[in-house]
Amino acid sequence: MTDETPRQSDFIRESIAVDQESGIYGKRVHTRFPPEPNGYLHLGHAKSICLNFGIARDFGGRCNLRFDDTNPEKEEQEYVDSIIDSVRWLGFDFGPAPLYASDYFDFMYKAAEYLITAGHAYVDSQSADEMRENRGTLTSPGKNSPFRERSAEENLRLFREMRDGRHPDGSMVLRAKIDMASGNINLRDPAIYRIKHADHHRTGSTWCIYPMYTYAHPVEDAIEQITHSICTLEFEDQRPFYDWLLERLAEGGLFKRPLPRQIEFARLNLSHTILSKRKLIQLVQDGHVSGWDDPRMPTISGIRRRGYTPEAIKNFCERIGVAKRDSTVGLGLLEYCIREDLNRRAPRVMSVLRPLKVVITNYPEAEDEELDAINNPEDPSAGTRKVPFCRELYIEQEDFREDPPKQFFRLAPGREVRLRYAYFITCEKVIKDEKTGEVRELLCSYDPKTRGGDAPDGRKVKATLHWVSARHSQRAEVRLYDTLFTETNPGDRTGDFRDDINPKSLEVIKDCRIEPGLSAAAPSSRFQFERMGYFCVDADSTPEKPVFNRVVILKDTWAKVEKAQKK
RNA sequence: UGGGGCGUCGACAAACGGCAAGUCAGGAGAUUUUGGAUCUCCCAUGUGGAGGUUCGAAUCCUCCCGCCCCAGCCA
């Protein structure tokens, strides 16, 4: 849909274009999206997905979905399933099945044995504490492990014992043998295999040693003959090891050149939210949200349930660009993208969120009629529909003010406004609750000559209100969402993002009135409630008890004016 | 005080020695049966700072300042 809109290039695509020019990869481009199945995908992943699959598309290459499942303690099948679902929902094709790092465990093991044989790796029997101690600091070099000079034979024997389950967790580890004095701490003999007597979600109890990301990732890339391995900035320090490892393995004939190349870009930060699996899992576990797919969550499944479309998300990812600078994108851009999409495609409908009863005193009690309404002014092919009108109606509470401020154009005592697609009405009398003084209902008169919304005498009104027939409309629950956090960068104030959780991020209104027939809409269908915003039928919704999520409000000029007035 | 990155508009982000793109936000107007949408116009004499090279510098050089990442048997 928006896929053909021309996108501007970025430094990664430019770099790939240079490789295309030089022919180093034989004009081949092969990327990968490598999530660890330890949580649900979020908008930050969407950026990466769009980048990786987008590059493959732009260069006529391919992109693998590969699970980086090298840590059985944190990974679960549920996450695998949700990730596959999210990638597919976004509309990307990774073939019939995803790939798994765990499928390469045999190869990785053999490659590790090669490294040992070639003198590039050794089994260290230091404890984790000792290793940390000897790693040195940022400003001082580390110390060689006392086990660093074990013979290849001994290393091989020990490593096989590790594999065979002869040693407990933490007792030893396989390390790359590089340089304990390197300024880059990642090169101070990084651990590449550790013992974990834990069942893996795919390989079960086959293994009790598992490769570290540092080691596994370059190997996975090389096995799949990835050309460009795109990752986020924090792995930049890791690149020298990435290259070192692959060079060693290529020397040993385990891989053929050209070797994949790692390129790093800045991860997405979004204002008023968090994009960190670690923190998102906390929100879920601590019950601050209903689950990973809570419509307030920045997860793909969350914003999907909220009512965002794949097109809007992909468009957002195009607009934010790709660079190496740390930045925080304003949430407003995301909202702009979904409004833009839904404006084009969402059918309009009239629903009243906070009903205020209006009685048309000069309209016959027993009568009703049907009026023509346009389904989508942006799309004539969407056609029209009939909307029932009668003596008793509901309008939005906020569309009436007993004492209207300047520039408030809507209904007020003695004032005439238009009911969309219906009639001009004038407010004649305000009925209030005797005790509370609260406005209970409005007595209005209508002008029969204005049927459809135009006055034959050419007189104008300054406002058009949405409305629904009291008799014909249906009840619905509507869930209004605000940002999950009150601050631009949650946690900046106190150091704990939970201190900035927005207590008002969810408001449930149970007695809304929706246009007749709307209750039958299928879950995930989206509508514009005229003047109120875009809404999506929630997964919980049933025809008997319809539930709508507010995706996003419409741009609200009046709110802006009113806010300025208060200042 | 080690190593690796990054500083261009309120927010993103181009510009690759030759007139500081574009988008969002904001402002003004037109139009409108959604205070929506749409359309038009405005919005960085200046690119973290100071020097230097050059006919010409966001771009090259030097120094300085600021921010981010790295001391998991996480990824």
Side-chain angles (χ1 to χ4, degrees), chain A residues 8-11 14 34-36 38 68 70-71 73-74 124 126-128 131-133 135-142 169-175 181-188 190-196 209-210 212-214 216-217 231-240 264 266 271 277-278 318-337 339-340 343-344 348 350 373-374 377-378 407-410 418-422 424 452-454 460-466 488 528-533 553-562:
Chain A
Q8 65 180 28
S9 192
D10 54 68
F11 79 98
E14 281 177 16
E36 182 188 14
N38 66 344
D68 218 339
T70 58
N71 186 352
E73 287 169 348
K74 293 187 175 175
D124 196 346
Q126 292 184 105
S127 68
M131 267 182 66
R132 191 182 323 113
E133 196 72 15
R135 188 152 25 233
T137 69
L138 294 179
T139 51
S140 63
D169 288 10
S171 58
M172 45 184 71
V173 73
L174 185 68
R175 287 231 256 175
S182 174
N184 182 348
I185 291 177
N186 298 293
L187 260 25
R188 321 243 260 229
I192 61 180
Y193 256 100
R194 77 288 219 189
I195 302 171
K196 267 186 200 294
I209 57 170
Y210 293 91
M212 303 277 295
Y213 163 89
T214 310
H217 206 84
C231 63
T232 44
L233 251 28
E234 67 270 28
F235 296 107
E236 202 148 21
D237 289 340
Q238 210 81 241
R239 192 169 68 223
E264 310 84 10
S271 77
K277 274 197 266 187
R278 202 200 92 237
E318 293 294 339
R319 284 171 194 265
I320 58 177
V322 180
K324 294 191 73 164
R325 182 187 338 171
D326 288 318
S327 60
T328 300
V329 176
L331 197 61
L333 186 59
L334 215 213
E335 295 182 337
Y336 171 83
C337 289
R339 275 193 203 106
E340 177 187 56
N343 175 51
R344 262 199 319 259
R348 315 285 126 126
M350 290 195 287
I374 295 165
E378 306 295 320
Q407 293 189 74
F408 182 88
F409 304 146
R410 281 110 97 147
R418 170 169 41 231
L419 293 181
R420 184 131 157 110
Y421 301 126
F424 285 12
D454 280 308
K460 302 287 182 197
V461 286
K462 293 189 87 171
T464 299
L465 311 186
H466 63 281
T488 305
Q528 184 194 103
F529 288 1
E530 292 217 31
R531 304 207 303 134
M532 301 311 283
I553 59 169
L554 258 26
K555 194 172 145 193
D556 190 348
T557 307
W558 162 243
K560 216 177 290 177
V561 171
E562 194 179 32

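Below, read A as the first sequence line, B as the second, and so on, with proteins coming before strands; counting in each chain starts at 1.
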Within the structure shown, what part of the strands sits under 4.0 Å from [X] by heavy-atom distance: base, sugar-phosphate, or nothing?
X	result
A:Phe408	base
A:Glu530	base
A:Leu554	base
A:Phe409	base
A:Arg188	nothing
A:Lys462	nothing
A:Glu264	nothing
A:Arg175	nothing
A:Thr139	base

Find the partner of [N]: check Watson-Crick (N1-N3 plus N6-O4 or O6-N4) and G-U wobble (N1-O2, O6-N3) distances, both under 3.5 Å, and reply none if neither fits.
N	value
B:A28	B:U40
B:G46	none
B:A57	none
B:G66	B:C6
B:C19	none
B:G72	none

Legend entry - Beyond-backbone contact of A:Glu378 with A:Arg344, side-chain heavy atoms, under 4.5 angstrom: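 A side-chain contact is absent here, since even the closest heavy-atom pair is not under 4.5 Å.
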Inset, instruction - Report yes if some heavy atom in the side chain of A:Val173 is under 4.5 Å from a heavy atom in the side chain of A:Met212; otherwise report no. - result: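 Heavy-atom side-chain distance check fails, nothing below 4.5 Å.
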Distance, rounded to the nearest Å, where [X] contributes [atom1] and [N] contributes [atom2]:
X	N	atom1	atom2	result
A:Lys460	B:U34	NZ	P	11 Å
A:Leu465	B:G36	CG	P	15 Å
A:Ile374	B:A37	CD1	P	17 Å
A:Tyr421	B:G36	OH	P	15 Å
A:Gln528	B:U34	CD	P	11 Å
A:Tyr336	B:C12	OH	P	18 Å

Inset, instruction - Classify every nucleotide of nucleotides 13-18 of chain B by which part a protein heavy atom approaches to under 4.0 Å, writing B for the base, S for the sugar-phosphate alone and - for neither, in 5'-to-3' order. - result: BSSB--
Inset, instruction - Scan nucleotides 69-75 of chain B nucleotide by nucleotide, 5' to 3', and note B when protein non-hydrogen atoms come under 4.0 Å of the base, S if they reach only the sugar-phosphate, - if neither. - result: BBBSBSB
Inset, instruction - Please state the P separation for the pair B:G66 and B:G26 - nearest whole angstrom. - result: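 Each nucleotide's P atom is 35 Å from the other's.
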Legend entry - Nearest-Å distance once atom C1' is located in both B:C69 and B:U59: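 Comparing C1' positions in B:C69 and B:U59 gives a spacing of 26 Å.
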Inset, instruction - Could you tell me whether the phosphate oxygens of B:G35, OP1 or OP2, come under 4.0 Å of any side-chain nitrogen or oxygen in A:Arg531? - result: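 The answer is yes; a side-chain N or O of A:Arg531 sits under 4.0 Å from OP1 or OP2.
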Inset, instruction - Quick one: sort the A:Tyr213 and A:Phe235 rings into parallel, tilted or perpendicular, breaks at 30° and 60°. - result: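 Tilted.
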Inset, instruction - Could you list the residues that satisfy side chain to side chain donor-acceptor pair (under 3.5 Å) with A:Lys74, not counting sequence neighbours? - result: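 Applying side chain to side chain donor-acceptor pair (under 3.5 Å) to A:Lys74 gives none.
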